[in-house]
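Working notes, beginning with the structure itself.
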Amino acid sequence: MPDAARQDATGPARPDGARTTRRRGGPLTQPGTGRRRRRSGGAGEPDATGPERAGAVERAGARERAGDARPAAGRGRRRRAKGSAGAGPAAPGGRRGAGAAGREGESSYDQAQAGGRGRRRRGSAGGAGVGVVPPGPGARRGTSSDAGRFQGSEGRAGVASGALRGRPGTHPTPSEPAGSHGGRDGGGHGRGGSRGGRGNGDGNRGRRQPRHHWSGLVKGVAFLAATVAGSMLVLRGNDALDRLDHPVGPDSQASAPAAAADAPDPGRVLQIVAHPDDDLYFMNPDLRYSIAAGHPVTTVYLTSGEADGINAGAANEKSTRPDKPAYAEARQNGIRAAYARMATGDRSSAWKRTVVPTKGGGHAEVDVLVAKPEVNLVWLQMREAGNVYMDVPDSLHGLWDGRVPRLESMLASGTPVKQRFTYTKEQVVQALVGVLEQYKPTTIRMQDPTPGRYPDTKRYTDHQDHFYGARFVQLATAAYAKDVKDRPHFALQNYIGYFNGSLPSALDPDEAKAKLDILDTYAWLDRQNHCGSAAGCGDLKVADHPGGNRWTETVNYARGNSTSWLASDEDHGLWAFKVLDGQVAVWHRAGLVGRWTGPTLLPGTGMDPGVSTVTLRDGRIAAFGTRTSFGAKPADYTREVVYAVQKQPGSEEFGAWQSLGTPETADETWTSDISAPAVSVDGTGQLAAYVRDGSYTLRGRVQRADGGWGPWERYGGTDLHGTPATATDGAGRRMVFSATSKTVLGWVQPEPGAPLGPATATGLPDTTLPLTAAGREGGVRLWFRKPGSGNVRTALVTGDGGLKVNNLTDLGGLQGFGSVTASGHVLAGRSAGGQLGSDVGWGRPWERSPLMFVGAPSSTMTGKGMVNLAVVGLDARLYVTSSPDAPGARLAPWLPVGPRNAAP
């Protein structure tokens, strides 16, 4: 959290201070590599009870058992799955944690490893489907332990002198994985398929009835083929995660061993924020999860966060002399203590501090945590605005708008940077490009560049440094993607800032407490001089209220919440769409058992995180998203809805991006604050796209029969937040839903082809932001999370005689936050610890995968019998799995698509 906004996010500008004291940091040597640590003392999944699921189960999954399984890289042998005991004892209920790596319990995946490769855990039998009935004795609850690591990485060498200029050969390089990974579930999904037709080939009957003989023979051959395919999946399923060390590229032969260079990239996370503590308030717990998992993490601070220079709480503010450089140093000390605690458990763990030139012509301080050299901090030390919304020309906002030609530095008193500098707008961009060249991130976390305004006061809902800093990051990532070729693909993740305090809490109490613990460290509550600095060891402005405006109770993604980016076609092929490098990347699997290809970047840049797909009436897939354009003048900044359509069903060629424009009139009005589009096709084949606009109402455009689009219609509603969700019920009527800060509003067509009806209160309780909707059981089923819990909830909404909500049910979960995806009997979403948690049927506990990922998961059905699930990892690589939609089925081990992330 930045400057004066610490109490009410609307404080006045603060006076400057004068004193400058400095202490010199020692030269940075090349530190040793970090080492991945195994966790010990794992806890199993607890037994769980909850509502029984009703409804008929589609049992046609056998013929698609190997639906998305690409041949895994072989080592010349296969291992059979072995049976093993069920889930272990219940984990301890409390999940403490200040972020120290390895201090929390093992995940279920770690338990599977400990039990030996190739072993699977049996779950209790349970029905498939997600039909809702009144709640049972209790909700399923998973282990509260922080999850195990997908894989470790060696620590990076510290940044050498000149590194932030983007010189070749100086960037940190990820290591080979430390240790192999055995299969988690033993591919047990292959045991529950249909065996229909087995007796149809009786020899005597065949001689009497030749036609039946041939029919039986055909069915027998089909059954044998399905059995062989399923058996292959089972046999290699146990090795699949182990073979993440040696994945197969799209064009590789199944029997050919993968090259060692194809070892998976652990992913490198780069966070760019405006002020010290923005990362702790608005990006945690993702930050803590990444550090705990051993991912290389670097955070870049654009400004010094000097505010008014008074490092004191409200009681001592008037008696404390302003000193901006000293207050900037105190905030740096607090950040170093917080990161050290998250990474090592010791806030006093040593740092190596050095000064490096930037590509923008200035200098930056780079700090490397000695005990965990994969953790870096980069301080660009520009001047901050000092006010949330008031006009301050000497700021990132003023520099963006051209009201000042240069922005001055504000050096902290203890920094090794001694030479003052200034940056032009372009030099700020180039300084960031140099950082990106140095660290070569695969995931970039940034703040929200379009946060909007309050409808009544028209003041920004976020700090001007936050979103104008994020716009500089947008320019820098666009330049980096365009001009730098020797780099991996990267994905972006945006985070909501101050407005989190007005939304339902997304974190469960344990996660909120762990987040607050880190802010307590940053705020220097005990006042012990553990850092040896006269400026202080933390931010005493925060000490009065370390939780901010309920910011430690929640986290929300501003973009990238769509769960419809995985689609299937009539040939049982799969298509995945995610934004990489500012372009929409497409992965494709042809047919049921074809090889995956991709990522292929569709032409067209400026794409924002988050893609939604819909299948048109003729079988083509249409991809929708938003695109940011900067224009020639600062006021030309625009965010618009765009879409691209397959040229024909099954084709890997897509048409050019077409614009639907935006319901906003100008960036200055609402800061271009529109949501991502939600899209659906009703029973007449009519396509429509809906967004939440900057005034928190629903807007939409409907495609006409001639292919053109109608105007942006107003559908009303108030206090809408996040992205709407839409789906079509059994009668072909389109329904649209949007979360508010207190409930969920809905709209429904009275009949297919008709305009949406009025906004209707559903009566649902408050939910966390992301909603997921899908046509089920004649109506539309919603999935969302319970505030302050992370538990997944569901309700069936019907449209006969108006919107009606049926049987709100708590499905439990592994805490966590964010979007939930649902297809067939599978539910999946982010769990506490950052990995994917999944529910594969009632009667078995939620399971935690080893994968950490960007944005939201997505799932889809191929045919009527196979559920497919996908995520994009922190390495910006696609990972897929599948499960027959049948009782007792399990998810196959995750498979990476294509070679490891490399230069495009």
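- Of all heavy-atom pairs between T442 and G267, the closest is OG1-CA, 3.1 Å.
- Between R403 and D394 there is no salt bridge, since none of the side-chain N atoms of the basic residue sits less than 4.0 Å from a carboxylate O of the acidic one.
- A heavy-atom distance below 4.5 Å is found between the side chains of Y522 and D539.
- N556 places no side-chain N or O within 3.5 Å of a backbone atom of N500 that could act as its donor or acceptor partner.
- Without hydrogens or angle criteria, N284 side chain to R288 main chain gives a donor-acceptor distance under 3.5 Å.
- Y495 and D286 are linked by a side-chain donor-acceptor pair at a separation below 3.5 angstrom, with hydrogens and angles left out of the test.
- Applying the ring pair (Phe, Tyr, Trp, His ring centres under 6.0 Å) rule to pairs touching residues 402-424 yields F421-Y423, sequence neighbours excluded.
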Legend entry - side-chain contact (heavy atoms from CB on, under 4.5 Å) between R406 and K425, intermediate numbers included: CA-CA 7 Å; R406 294 176 175 273; K425 183 176 181 179; over 6 Å; no
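- Pairing each heavy atom of P546 with each of L525, the nearest pair is CG-CD2, 4.2 Å.
- Side-chain contact between R550 and S505: present, with at least one pair of heavy atoms (C-beta onward) separated by less than 4.5 Å.
- If you check the side chains of D673 and T450, you find no donor sitting under 3.5 Å from an acceptor.
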Inset, instruction - Check the pair H466, Y460 against ring-ring contact (aromatic ring centres under 6.0 Å, His included), reporting the backbone distance first and the verdict last. - result: CA-CA 11 Å; H466 291 181; Y460 303 135; over 10 Å; no
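- With E365 contributing its side chain and R353 its backbone, the two residues share no donor-acceptor pair below 3.5 Å.
- A salt bridge is absent between D367 and K352: the closest approach of a Lys/Arg side-chain nitrogen to an acidic carboxylate oxygen does not fall below 4.0 angstrom.
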Inset, instruction - For T552 and L280, run side-chain contact (heavy atoms from CB on, under 4.5 Å): C-alpha distance rounded to whole Å, both residues' side-chain angles, the deciding distance at 0.1 Å, then the answer. - result: CA-CA 8 Å; T552 56; L280 305 184; over 6 Å; no
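- The residues R331 and E306 are annotated as not salt-bridged, no charged nitrogen and carboxylate oxygen being separated by less than 4.0 angstrom.
- In terms of heavy atoms, A337 sits closest to H530 at CB-CE1, 3.8 Å.
- Remark: side-chain polar atoms of T461 are not paired, donor with acceptor, to backbone N or O of R453 under 3.5 angstrom.
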Legend entry - From CA spacing to verdict: side chain to side chain donor-acceptor pair (under 3.5 Å), Y637, Q474: CA-CA 11 Å; Y637 183 97; Q474 285 184 306; 2.7 Å; yes
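- Donor-acceptor pairing under 3.5 Å is lacking for the side chains of Y327 and D308.
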Inset, instruction - Check step by step if side-chain contact (heavy atoms from CB on, under 4.5 Å) holds for F630 and L475. - result: CA-CA 8 Å; F630 298 101; L475 279 177; 3.7 Å; yes
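- Exactly one of T477, T298, L270, I272 qualifies for a side chain to side chain contact (heavy atoms under 4.5 Å, CB included) with P441. That residue is L270.
- Judged by distance alone, with hydrogens and angles left aside, the side-chain atoms of N901 form a donor-acceptor pair with the main-chain N or O of D875 at under 3.5 Å.
- Here the CG-OG1 distance, from D462 to T671, works out to 9.5 Å after rounding to the nearest 0.5 Å.
- Using a 4.5 Å heavy-atom threshold, the side chains of R445 and V269 count as touching.
- In terms of the side chain to side chain donor-acceptor pair (under 3.5 Å) criterion, residue partners of D526 (sequence neighbours excluded) are, by chain and number, R347.
- Considering all non-hydrogen atoms of both residues, F853 and Q835 come closest at CE2-C, 3.9 Å.
- Distance check, rounded to the nearest 0.5 Å: CG of N387 to NE2 of H397 gives 12.0 Å.
- Here the side chains of L287 and Q271 are in contact, with some heavy-atom distance below 4.5 Å.
- Residues V433 and K359 come closest through the heavy atom pair CG1-NZ, 4.1 Å.
- A donor-acceptor pair is defined here as one N or O able to donate and one able to accept, closer than 3.5 Å; no such pair exists between the side chain of E553 and the backbone of A506.
- Between D448 and R559, some side-chain heavy-atom pair lies under the 4.5 Å cut-off.
- Listed for the R471 side chain is a donor-acceptor partner under 3.5 Å among the backbone atoms of P449.
- Remark: R830 is positioned above the aromatic ring of F817, its terminal NZ or CZ atom under 6.0 angstrom from the ring centre and at most 45 degrees off the axis.
- Between the side chains of S409 and Q381, no donor-acceptor pair is found at a separation under 3.5 Å.
- Taking the six-membered ring where the residue is Trp, Y301 and W379 present parallel rings, their angle staying beneath 30° rather than reaching 60°.
- Residue C537 holds its SG atom at 5.5 Å from CG of N333, rounded to the nearest 0.5 Å.
- Here the CE atom belonging to M446 is positioned 15.0 Å from the CZ atom belonging to F282, to the nearest 0.5 angstrom.
- Donor-acceptor pairing under 3.5 Å is recorded for the side chains of Y389 and R459.
- With contacts defined as side-chain heavy-atom distances shorter than 4.5 Å, the pair F467/Q447 does not qualify.
- The shortest side-chain heavy-atom distance between F472 and L399 falls under the 4.5 Å cut-off.
- At most 12 non-hydrogen atoms from other residues, nucleotides or ligands lie less than 6.0 angstrom from CD of E408.
- With rounding to the nearest 0.5 Å, the separation of OG1 in T303 from CE in M410 is 10.0 Å.
- Annotation for A364 and V417: closest pair C-CG2, 3.7 Å, computed over non-hydrogen atoms.
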Legend entry - Verdict with reasoning, V542 to W524, per side-chain contact (heavy atoms from CB on, under 4.5 Å): CA-CA 9 Å; V542 172; W524 191 32; over 6 Å; no
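- Annotation: the span from L516 atom CG to L507 atom CG amounts to 11.5 Å, rounded to 0.5 Å.
- A donor and an acceptor atom, one from each side chain of T299 and Y339, are located under 3.5 Å apart.
- Judged purely by atom type and a 3.5 angstrom limit, H295 has no side-chain atom pairing as donor or acceptor with the backbone of V297.
- If you look at Y281 and Y498, their ring centroids are not closer than 6.0 Å.
- Although no hydrogens or angles enter the test, the distance criterion places a donor-acceptor pair under 3.5 Å between the side chain of K515 and the main chain of T554.
- Counting heavy atoms from C-beta on, the side chains of M382 and L396 come closer than 4.5 Å.
- Neither side chain, R383 nor S395, offers a donor N or O lying under 3.5 Å from an acceptor on the other.
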Legend entry - Verdict with supporting geometry, S533 and E329, side chain to side chain donor-acceptor pair (under 3.5 Å): CA-CA 9 Å; S533 169; E329 180 186 354; 2.7 Å; yes
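- Using modelled atom types, no side-chain atom of N311 and backbone atom of A330 make a donor-acceptor pair closer than 3.5 Å.
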